[in-house]
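All of these numbers come straight from a predicted model, not from anything done at the bench. Both ligands and their constituent atoms are indexed starting at 1 by order of listing.
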Amino acid sequence: MSRVFNFSAGPATLPEPVLEQVRDEMLDWRGSGMSVMEMSHRDKAFMSIAEEAEADLRKLLNVPDNYKVLFLQGGATGQFAFVPLNLMPEGGSADYVVTGSWGKKAIKEAAKYGTANTAARPADDVFNHIPARADWKLDPGASYVHYTPNETIEGVEFHQVPDVGDVPLVGDFSSTFLSRPVNVAKHGVLYAGAQKNAGPAGLTMVIVRDDLIGNARASTPSIFDYKAVADADSMLNTPPCFSWYVSGLVFKWLLNQGGLEGMAERNQRKAKLLYDYIDSEPFYSNPVAPADRSWMNVTFTMANPELDKPFIEGATKAGMPGLKGHRSVGGMRASIYNAMPEAGVQSLVDYMKEFVRQHG
Ligand SMILES: *Cc1c(COP(=O)(O)O)cnc(C)c1O
């Protein structure tokens with residue numbers, strides 16, 4: 001058996017020690033005589049898994065006591081609708097800062113439920129930078145301000161939490177979740193699908209401030225009403241038990257890696273290795289403003305797009321699959337989440353150098 005360096009944007013690479021532990025516990029979870037997949041979510045064994053995962057996640061992110069942590073289904077895409085249903089009253093409005101493809105989807109969905117204002121968005125949707133904060137048009141009467149801390153497709157990342165005053169800030173953290181420390185208290189809601197950087201698909205985590213819970217519209221499905229699920233400790237119905245368990249193992253792994261400070265240091269180093277090479281080699285280019293480049297998703301193109309296919313196929317053959325850019329933007333994208341070792345990034349840079357030698 002040989003494992004590849006998997007550069008897929010999501011579902012994505014997971015830490016090997018976590019996969020090994022899952023394998024070892026697969027048939028008999030700690031003397032229970034069954035797999036976590038087979039356990040009742042009301043069973044004491046699963047309750048202990050769930051509680052420990054939440055405690056570890058709180059520790060990693062330093063989640064203040066006045067925030068609930070919810071373990072749900074429906075993906076980040078579900079939150080595009082459930083955020084307005086929970087936070088925006090009938091006839092209300094919210095502000096959206098659109099810095100890439102996911103933000104575009106989020107504002108489109110919110111417009112079904114009220115007025116979704118564009119507070120900032122690059123001209124002609126050229127998503128290669130974050131519009132200057134001074135140019136944002138924020139409405140102090142908005143129910144919330146929504147932003148996408150890391151745009152997975154374009155590779156554009158906020159390196160600071162924006163200041164939006166007293167209006168609750170809502171962040172779609174999917175592809176940067178747990179890659180570095182984040183000040184939770186500057187947000188009203190943080191949400192993320194697990195499958196980018198935290199675990200297997202099927203689990204969505206929502207961290208929400210207490211005062212924003214309990215205001216959902218009457219028509220909101222109960223399983224997506226923050227109050228109903230918070231009151232039931234995320235077990236109003238059957239939760240995504242197995243993904244919750246595996247994500248919990250990832251949280252433990254992160255704590256053992258020095259927590260999010262430790263991850264941030266490694267992630268920044270990995271990204272720098274790749275960007276420095278791209279910037280030094282005219283054969284490749286990255287279109288994103290240097291100050292706004294993502295540490296998680298590094299996009300790049302070559303002057304001749306006909307070389308994309310041989311580049312990607314050759315990389316896959318060399319044990320580095322997942323480098324094809326999103327179908328909407330083309331080019332290449334290296335997703336270098338927490339579980340991607342530095343050796344994987346070095347191996348990609350070596351391959352890129354060799355490719356220039358052959359095709360440059
Ligand atoms: C992947 C992704 C989504 C969509 O996530 P789903 O869990 O598939 O709904 C939304 N936002 C961002 C930033 C993403 O990276």
Visitor: State whether the number of non-hydrogen atoms from other residues, nucleotides or ligands found under 6.0 Å of Arg23 atom CZ is greater than 12.
Guide: yes
Visitor: What atoms of ligand 1 come closer than 4.0 angstrom to any heavy atom of Thr77?
Guide: 4 (C), 6 (P), 9 (O)
Visitor: When only distance counts, is Asn150 in polar contact with ligand 1, meaning an N/O pair under 3.5 Å?
Guide: no
Visitor: Any atoms of ligand 1 less than 4.0 Å from a non-hydrogen atom of Gly75? List them with their elements.
Guide: 7 (O), 9 (O)
Visitor: Under 6.0 Å from the CG atom of Asn66, do we count more than 12 heavy atoms belonging to anything else shown?
Guide: yes
Visitor: Measure the spacing between CG of Asp350 and CE of Met320 and express it to the nearest 0.5 Å.
Guide: 8.0 Å
Visitor: Taking the cut-offs as 6.0 angstrom to the six-membered ring centre and 45 degrees off its axis, would you call Lys196 and Trp102 a cation-pi pair?
Guide: yes
Visitor: Heavy-atom contact check, 4.0 Å cutoff: does Phe80 meet ligand 1?
Guide: yes
Visitor: At a 4.0 Å threshold, what atoms of ligand 1 neighbour a non-hydrogen atom of Ser175?
Guide: 15 (O)
Visitor: Using side-chain heavy atoms (C-beta onward) and a distance below 4.5 Å, is Leu348 in contact with Tyr277?
Guide: no
Visitor: Below 4.0 angstrom from a heavy atom of Lys196, which ligand 1 atoms are there? Numbered from 1 as shown, please.
Guide: 1 (C), 2 (C), 3 (C), 14 (C), 15 (O)
Visitor: Using a strict cut-off of 4.0 Å, indicate which atoms of ligand 1 neighbour a heavy atom of Gln195.
Guide: 5 (O), 6 (P), 7 (O), 8 (O)
Visitor: So which heavy atom in the protein is nearest atom 11 (N) of ligand 1, and how far is it from that ligand atom?
Guide: Asp172 OD2, 2.6 Å
Visitor: What residue and heavy atom of the protein are closest to atom 15 (O) of ligand 1, and at what distance?
Guide: Thr152 OG1, 2.4 Å
Visitor: Should Ala76 be counted as touching ligand 1, given the test is an N or O pair under 3.5 Å?
Guide: yes
